[in-house]
There are 2 protein chains.
Amino acid sequence: MAESAQLTGPGDPERSGSPAGRRRATILDVAAAAGVSRQTVTRAVNDMPGISAETRQRVLEAATALAYRPSRFGRGLVTGGDPQLGLVVSDLRNPYSPELAAAVVRRAADEGWSVSLVDIGLAGSADRLLRSLQAQVDVVVGYLGEWALGWERRSGATPLILLDAGEGSEHPGVNLDPAAAIEDLAAHLVAVGTRRPVVLDASAPHETSGRGLAMMAALERRGLAPELVHASASTPEHASAVAAQVIRRAARPDAILAFNDLMALGVLSACRHAGLHVPDDIRVAGVDGLTIGTLVAPTLTTLAVDFDEVARHTLELAVALGDGDTDAGLQRVVSHRLVLRESA
Amino acid sequence: MAESAQLTGPGDPERSGSPAGRRRATILDVAAAAGVSRQTVTRAVNDMPGISAETRQRVLEAATALAYRPSRFGRGLVTGGDPQLGLVVSDLRNPYSPELAAAVVRRAADEGWSVSLVDIGLAGSADRLLRSLQAQVDVVVGYLGEWALGWERRSGATPLILLDAGEGSEHPGVNLDPAAAIEDLAAHLVAVGTRRPVVLDASAPHETSGRGLAMMAALERRGLAPELVHASASTPEHASAVAAQVIRRAARPDAILAFNDLMALGVLSACRHAGLHVPDDIRVAGVDGLTIGTLVAPTLTTLAVDFDEVARHTLELAVALGDGDTDAGLQRVVSHRLVLRESA
DNA sequence: CTGAAAGCGCTTACAG
DNA sequence: CTGAAAGCGCTTACAG
């Protein structure tokens with residue numbers, strides 16, 4: 001019985017590699033130990049019918065004794081395995097990433113996909129991470145910000161879906177469109193009597209973001225003369241510093257539209273330290289719709305992204321690309337939505 | 001040339017299964033299309049030496065034409081593949097989860113592990129998710145809260161590491177110990193003149209949490225007579241409601257120690273709506289050390305968890321269990337640390 | 001520089 | 001209820 005397992009079995013400790021000096025037990029080792037064939041081990045381990053209770057137990061005991069765990073590769077090769085999604089974000093510490101990831105993970109679970117999460121933010125090893133990820137998943141989804149460009153080229157054979165890659169991209173992916181929500185926000189601000197709005201953009205002075213331009217235009221279209229200021233980076237700290245300057249002026253603004261929620265939080269902080277009441281003295285709004293905006297006081301008015309819808313489109317694209325479709329409908333758009341809360 | 005591929009090749013559309021009606025191309029299909037052997041395809045696809053430039057290009061073109069992507073199972077079976085961690089959390093929307101996940105993902109990347117993320121919070125499918133995850137990873141890490149108990153039993157063959165499973169657990173894992181940090185917080189509050197502290201615990205009235213008990217004891221030990229109140233759930237909303245009642249009393253508390261940061265945020269919100277200034281009128285502290293506490297105004301004093309250290313221990317345990325070690329040192333402890341910010 | 005052989009660990013028919 | 005055979009898709013030696 002089980003002769004072949006005898007030949008290559010654990011009685012041969014040299015042919016190892018693992019730190020423990022002992023190679024992992026295979027189905028053949030268990031079969032040998034229990035005195036049955038490998039098929040019987042499969043039946044026992046996978047709770048399949050057609051095996052006696054005694055045999056099952058004997059096999060299970062042998063498996064436990066040998067710390068046997070089926071190889072996911074061996075099994076996957078024959079069963080096909082669950083499809084796997086690789087989700088790459090540029091910085092998991094940015095609250096945007098986990099909210100996106102949460103939505104994708106949920107949707108993926110519903111569709112029977114697993115998702116591997118990778119944070120590319122750590123410098124240096126980006127290429128290695130990508131290679132390793134591509135070898136493990138069926139489709140890569142990237143929410144990459146500035147990293148996106150390089151990746152479009154490197155993507156190689158594994159299909160790549162880009163999230164919010166910007167207007168220029170022709171890559172399959174999901175793009176965000178804040179235009180309508182910005183109009184709604186401008187209309188709201190005008191309706192409540194805003195006179196001197198400021199748009200706090202993120203990018204460098206000479207390259208105002210599309211989002212910032214749209215905010216300016218929407219306000220101007222309603223007869224206001226908004227001022228445009230820039231933070232050197234889209235962090236709460238930078239935003240707070242700029243806001244602190246702006247609200248110290250004689251002609252104090254009565255509204256600040258921030259590039260995103262994180263920056264809006266920085267603005268709120270600056271207002272508090274300046275002794276200003278939000279929204280009575282000044283109104284503040286952000287973009288993204290992060291959960292964090294509901295946890296602060298005052299709660300943050302924002303242009304929210306429907307992450308669940310982004311996730312829905314993402315999985316649809318993943319399924320299509322995974323099946324080898326390279327055809328139409330591979331670019332989706334999700335619109336922001338105005339969510340009025342306390343801050344504006 | 002490539003006879004065998006011809007026999008089972010794509011010229012046989014019936015034997016399919018995929019929605020597109022065409023099975024995925026294998027290395028043999030590419031070999032046939034390029035008129036070479038499968039080894040040559042391997043060399044071209046994997047950028048290996050020992051192949052002429054022309055051949056490489058021809059193979060690559062054939063691969064592209066057939067949308068060939070190597071099977072991760074076929075490859076993994078022979079190369080072994082990267083080790084894979086399955087991280088299961090009870091709710092990704094709770095800011096604690098992503099911070100933990102971020103730390104684990106980073107540490108894992110450093111160690112060459114991939115991590116698959118699963119949110120068990122969605123009712124019903126928990127068992128299916130577990131099965132599917134166990135089949136895909138080498139080690140499962142669970143940050144499960146109340147779910148932990150059931151899982152210890154179900155864990156089956158795949159090693160399971162439990163995070164913050166509580167004092168009762170003898171399972172391999174990383175536990176958190178706030179005791180020392182609670183002492184530091186109590187000492188600080190006394191030093192700045194706190195007289196009437198309130199401990200805002202999460203659990204039901206009849207079962208005060210260990211954390212809440214420790215807070216009470218630490219304050220009492222310093223001559224104070226803290227009051228203990230409970231929120232029915234550890235959400236900002238519930239905490240806010242309870243806090244609103246407490247601070248309305250005649251003998252208003254001058255400090256509230258919340259069960260965690262999220263609840264502390266709710267307390268901050270209640271204070272703001274009541275017109276109280278933090279920390280001048282009342283001090284507020286939480287537990288966890290979430291990033292969100294640095295983004296609110298006032299910034300939140302907290303007992304912080306060093307997520308990076310939790311992640312470090314977790315990976316060490318994962319490596320040990322993955323190698324089949326079942327010995328000593330499989331329980332680790334990480335202590336909280338007092339982080340003084342504006343709110344206290 | 002290229003190819004024929006062997007084998008990674010498992011499951012799925014098929015015989016008994 | 002149990003086992004012998006075939007094969008999933010790939011890479012790693014080994015020959016030429």
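What's counted below: heavy atoms across the whole structure, side chains too, no hydrogens, waters or symmetry copies. To find a chain, count down the sequence lines: A is the first, B the second, and so on, and within it residues start at 1.
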Has the side chain of A:R72 got a donor or acceptor atom that lies under 3.5 Å from a matching backbone atom of B:A135? no

A:L66 has an atom CG; how far is it from atom C1' of C:dG9, in whole Å? 15 Å

It should be established whether A:S37 places a side-chain nitrogen or oxygen under 4.0 Å from OP1 or OP2 of nucleotide D:dA4. no

Which letter, B, S or -, goes with each nucleotide of nucleotides 11-16 of chain C from 5' to 3', with contact meaning a protein heavy atom under 4.0 Å? BB----

Do A:L160 and A:P172 have side-chain heavy atoms sitting under 4.5 Å apart? no

Find the distance A:Q57:CD to D:dC1:C1' and express it as a whole number of Å. 17 Å

Residues B:S52 and B:E54: side-chain donor-acceptor under 3.5 angstrom: no

Separation of atom CZ in B:R56 from atom P in C:dG3, rounded to whole Å: 14 Å

Expected output: side-chain A:N46 to main-chain A:R43 donor-acceptor under 3.5 Å: no

Electrostatic pair A:R332-A:E316, nearest N-O below 4.0 angstrom: yes

Ranking A:R69 and B:G50 by the position along DNA chain C of their nearest nucleotide, the one closer to 5' is B:G50

Whether B:D119 and B:R93 form a salt bridge (side-chain N of Lys/Arg under 4.0 Å from carboxylate O of Asp/Glu) is what I want to check. no

Can you check the A:D29 CG to C:dG9 P distance for me, whole Å? 9 Å

Under 4.0 Å between a side-chain N/O of B:T40 and OP1 or OP2 of C:dG3, yes or no? yes

Has the side chain of B:T40 got a donor or acceptor atom that lies under 3.5 Å from a matching backbone atom of B:V36? no

Under the side chain to side chain contact (heavy atoms under 4.5 Å, CB included) test against B:T314, which residue among B:L100, B:V174, B:V139, B:L87 passes? B:V174

Could you tell me whether the side chains of B:S116 and A:S116 share a donor-acceptor contact shorter than 3.5 Å? yes

Could you give the CZ-to-C1' distance, from A:R72 to D:dG9, as a whole number of Å? 16 Å

According to the Watson-Crick and G-U wobble definition with distances under 3.5 Å, which dot-bracket string, read 5' to 3', encodes DNA chain D, using [ ] for crossing pairs and | for pairs with another strand? |||.||||||||.|||

Whole angstrom value for the distance that separates P of C:dG9 from CZ of A:R24: 10 Å

Nearest-Å distance for atom pair CG/P, residues A:L77 and D:dC8: 9 Å

